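The structure appears right after this line, and notes come after that.
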Amino acid sequence: MKIAVYPGSFDPVTLGHMDVIERAAALFDRVYVCAMANGGKNPMFTAEQRFELLRAAVGKLDNVTAESWTGLLADYAREKGARWLVKGVRSATDFDAEYGMAQINRGLDAQLDTVLIPARPELLHVSSTMAREMIKYRQPLALCMPEAAIRVMKGWDTDGKS
């Protein structure tokens, strides 16, 4: 069985993330989409909220499971029996960063390969940063977030805290 992990902070999950998830689901038998902590970021949403949004967004994809994890990515992948990490890239800068991370993860687990999925041109501008700004200023979210995640957010404060 071909098992992959798509890690990210997903703060919040976007249409760009969903494009990568759907494309990965077509390539692999099982995809674990893992909301992870990123010490370099100050998240708008709690870990529980990010997981809840992600779970709703991937709910209709049979071979995709949303989870959260606070440890090392290589350990999570090993625990799931995954041999591939999936990363989305929008630019050469993203590629350079992900290439470096791929080398680190391969050094931690020689069985881990990283698959880079380039963003579709129509989604290049979509980012979690953009979505957070749209949320902050109470703008329509349909152009940047999956509808299932938007439905979950109904009733949350604009800062993402419930």
Side-chain angles (χ1 to χ4, degrees), residues 1-71 73 76-77 80 82 84-91 93-95 97-98 101-102 114-162:
M1 179 178 262
K2 295 186 296 183
I3 302 171
V5 172
Y6 177 33
S9 55
F10 303 106
D11 185 40
V13 61
T14 68
L15 294 176
H17 293 133
M18 288 307 300
D19 181 56
V20 172
I21 292 166
E22 290 165 359
R23 291 160 68 192
L27 294 171
F28 299 99
D29 299 314
R30 167 70 45 207
V31 177
Y32 290 96
V33 182
C34 187
M36 302 191 70
N38 183 336
K41 294 183 178 180
N42 183 21
M44 173 180 272
F45 296 98
T46 67
E48 294 79 18
Q49 288 171 322
R50 291 183 289 119
F51 167 70
E52 190 177 343
L53 294 172
L54 191 56
R55 185 180 59 184
V58 303
K60 292 184 178 183
L61 299 172
D62 292 335
N63 64 333
V64 177
T65 302
E67 295 191 342
S68 61
W69 182 261
T70 57
L73 175 57
Y76 177 80
K80 296 300 177 185
W84 294 273
L85 301 176
V86 172
K87 299 294 194 91
V89 293
R90 292 178 293 174
S91 66
T93 302
D94 285 352
F95 177 87
E98 295 302 346
M101 289 304 301
T114 299
V115 175
L116 302 178
I117 297 181
R120 295 188 190 278
E122 63 272 20
L123 295 172
L124 282 173
H125 69 286
V126 176
S127 68
S128 291
T129 301
M130 174 190 148
R132 288 191 302 272
E133 287 294 302
M134 299 295 275
I135 293 165
K136 179 179 176 182
Y137 293 107
R138 299 177 184 260
Q139 295 301 303
L141 301 175
L143 294 177
C144 60
M145 288 181 64
E147 185 57 39
I150 295 169
R151 282 194 305 271
V152 168
M153 286 178 45
K154 300 286 184 194
W156 289 359
D157 291 338
T158 57
D159 66 357
K161 308 299 182 211
S162 57

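Please read all numbers here as calculations on a predicted model, not as lab measurements.
- Annotation: side chain of L73 is in contact with side chain of L85 (closest heavy-atom distance under 4.5 Å).
- Between I21 and L61 the shortest side-chain heavy-atom distance falls below 4.5 Å.
- Atoms CZ and OG, from F45 and S9 in turn, are 11.5 Å apart once rounded to the nearest 0.5 Å.
- In this structure, OG on S128 lies 8.0 Å from CZ on F10, to the nearest 0.5 angstrom.
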I would like to know whether H17 and Y6 meet side-chain contact (heavy atoms from CB on, under 4.5 Å); could you show each step before the answer? CA-CA 9 Å; H17 293 133; Y6 177 33; 3.3 Å; yes

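- D29 CG to I3 CD1: the interatomic distance, rounded to the nearest 0.5 Å, is 8.0 Å.
- A donor-acceptor pair under 3.5 Å is absent between the side-chain atoms of K80 and the main chain of Y32, judged by distance alone.
- The shortest distance between side-chain heavy atoms of M18 and V13 falls below 4.5 Å.
- The OG1 atom of T14 lies 11.5 Å from the CG atom of L141; values are rounded to the nearest 0.5 Å.
- Side-chain contact between Y76 and V5 is present, with heavy atoms from C-beta onward closer than 4.5 Å.
- D11 contributes no side-chain N or O that, together with a main-chain N or O of R50, makes up a donor-acceptor pair within less than 3.5 Å.
- Scanning all heavy atoms of the two residues, the minimum distance from F51 to S68 falls at CD1-N, 4.2 Å.
- Residues V33 and R55 form no side-chain contact, since every pair of their non-hydrogen atoms from C-beta on lies 4.5 Å or further apart.
- Using a distance-only test at 3.5 Å, with no hydrogens or angles considered, no donor-acceptor pair links the side chain of E133 to the main chain of M130.
- Using modelled atom types, one side-chain atom of Q139 and one backbone atom of Y137 make a donor-acceptor pair closer than 3.5 Å.
- For the residue pair I135 and P12, the shortest heavy atom distance occurs at CD1-CG, 4.1 Å.
- Distance check, rounded to the nearest 0.5 Å: CZ of R30 to CG of D62 gives 8.5 Å.
- Taking all atoms of both residues into account, the shortest heavy-atom contact from A102 to T114 is CB-OG1, 3.4 Å.
- Listed here is the closest heavy atom pair of A142 and L15: O-CD1, 3.5 Å.
- Of all heavy-atom pairs between R90 and A119, the closest is CG-CB, 3.7 Å.
- Between R120 and D19 there is a salt bridge, with a side-chain nitrogen of the basic residue lying less than 4.0 Å from a carboxylate oxygen of the acidic one.
- A pairwise comparison of heavy atoms in K2 and L27 identifies NZ-O, 3.2 Å as the closest pair.
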Please test M145 against M153 for side-chain contact (heavy atoms from CB on, under 4.5 Å), starting from the C-alpha separation and ending with a verdict. CA-CA 11 Å; M145 288 181 64; M153 286 178 45; 3.4 Å; yes

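- We find the CD-CG distance between E98 and L116 to be 6.5 Å, quoted to the nearest 0.5 Å.
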